[in-house]
Asker: 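Quick one: the structure is below, questions incoming.
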Amino acid sequence: MIGSIINGKELTSKNKMAIHNPYTGEKIDDIALASKQEMDDAVKDAYQCFHETMKIMPAHERADILRETANLLEERTEEFAETVVKEAGKPISASRGEVQRGVQVLRFASEKAKDITGEVIPMDAAVGGNGRMGFAKRDPLGVVAAITPFNFPLNLSLHKIAPAIAAGNTVIFKPAEKTPISAYKLTKLFHEAGLPASALNLVMGTGEEVGDPLVKHDQIHKVSFTGSLPVGRAIKESAGFKKVTLELGSNSPNIIFADANIEEAVKSLVTGAFAFSGQVCISAQRIYVQKEVYDQFLEQYVSLTESLKVGDPADEGTDVGPMINEGEAERAKQWIDDAVEKGAKIAAGGERKGTLLMPTIMTDVDENMKVIAEEVFAPIVSIIPFETEEEAVKFSNNSIYGLQAGVFTIDIHRAFRVAEKLEMGGVWINEISTYRQDNIPYGGVKQSGFGREGVKYAIEDMTELKFIGLKLEQ
Ligand code: NAD
């Protein structure tokens, strides 16, 4: 049994939840669920630690702790990757990739901790301002609530914790209840690297019992949330006066113009749609292909998809593993059946066996089907023909979401024209929507959320400008 960690001490509880391996169904461990009182204690403890320790800790010490955490994580890559395989069902090669990205995030944060700068304000720019000096510096906020999803249990948690610590905040870490073991190990790693225990308190429990009261707690200064749209909406309403960052879902479009390198686009988009069984917020869900190359693209896409190895995520050669649980796999299967009933066709896949959903390609879809209109979050992709540039942009923007998109063409003028017109937080040219680098500003528009991650940008959101002015003696 593992439990929440407050001030370095692990809590036990009679109220527990079993964690299962999504592929084998075997029980991995139990987690002791925190009570509301324990969550409250965790926040008070982190609040005190902020005022007594973190707020005054020199930047070079915060940088050292983050660098040491990165080194420890790198040394234990295999142990952490195996944990992600077991609790999330992510294929081992992708799990290793996630650990490596986590190491990078920690290193970016360590470097940035020593470079949080402000500015000198030209006071004489205002009439009557002569004889004064003004400084704007970045101060930490206080206690940051980091609420995370199951699909990147390490890296998305680090995208919140690392910048928060770099800036001198303390953190209450509320991980997804489906993937608490990586969160538990990660918390211990920070403490081992020298982070004051109360600067990172781990609180485990459900969204309803722990997450919601945490968001409402008046000693929390900022809520940084990654997860689904309905939960994001509820958090925004509950958070009141606090700063909020919402990293939510999407149904990412990718546009393939006839002049693109079709073979390359097919190869990268098969990965972009089916990596981690499509349970990626920027997974390629809608692929719009110009009519002249549609048949060629579809044929190659189906053939490559059918060669993917589906099965045990612990096997080195597995491309597509299970979905997070059977309920989610069945939900996705129903969306496929619903689309077929409305006239869509299945070009590959479509079957489910337990938590495994075969990589599925749909054609003849329309915008009223859930597989197009909503976030599918499963190994399902739709391939749709278009004729003109205007049409491709219109189809792509016809969504409540706007996170990332991909545009494939060798015409640089068209590429930038389309990128400007797409209502997205980010647009890639000749790269898939699913590609994310950990130092780019990352986040959505429309109902994909607001605020940006990518260490430097998260630090901006996790600090506040403080002005200090001086009137010079004349
Ligand atoms: P989820 O929204 O079900 O849960 C996310 C977290 O919110 C969990 O820790 C959960 O316990 C907590 N939670 C639930 N109800 C809450 C409440 N009322 N108050 C506070 N916290 C609450 O998401 P999930 O199923 O774990 O993850 C999948 C979703 O995450 C998808 O929609 C995906 O697109 C999104 N996601 C977005 C990004 C991004 O960067 N934009 C990245 C990864 C995943």
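Read the numbers this way: they start at 1 and go in the same order the structure lists the ligands and their atoms.
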Asker: According to ring pair (Phe, Tyr, Trp, His ring centres under 6.0 Å), does anything in residues 427-452 pair up with another residue at least two apart or in another chain? List the pairs.
Answerer: W428-Y435
Asker: Filter on ring pair (Phe, Tyr, Trp, His ring centres under 6.0 Å), then keep only pairs touching residues 76-96, sequence neighbours left out; what's left?
Answerer: none
Asker: Give every residue pair that meets the side chain to side chain donor-acceptor pair (under 3.5 Å) criterion with at least one member in residues 363-382, sequence neighbours excluded.
Answerer: E367-N398
Asker: So, is the end of the K90 side chain (NZ or CZ) under 6.0 Å from the ring centre of F152 and within 45° of the ring's axis?
Answerer: yes
Asker: When you compare the side chains of S433 and N254, does any donor N or O come within less than 3.5 Å of an acceptor on the partner?
Answerer: yes
Asker: Over 60° means perpendicular and under 30° means parallel, so tell me whether F395 and Y288 are parallel, tilted or perpendicular.
Answerer: tilted
Asker: Could you please provide the protein residues found below 4.0 Å of ligand 1 on a heavy-atom basis, arranged by chain and number?
Answerer: I147, T148, P149, F150, N151, L156, K174, P175, A176, E177, K178, G207, G211, D212, F225, T226, G227, S228, V231, I235, E247, L248, G249, C281, E375, F377, L403, Y442
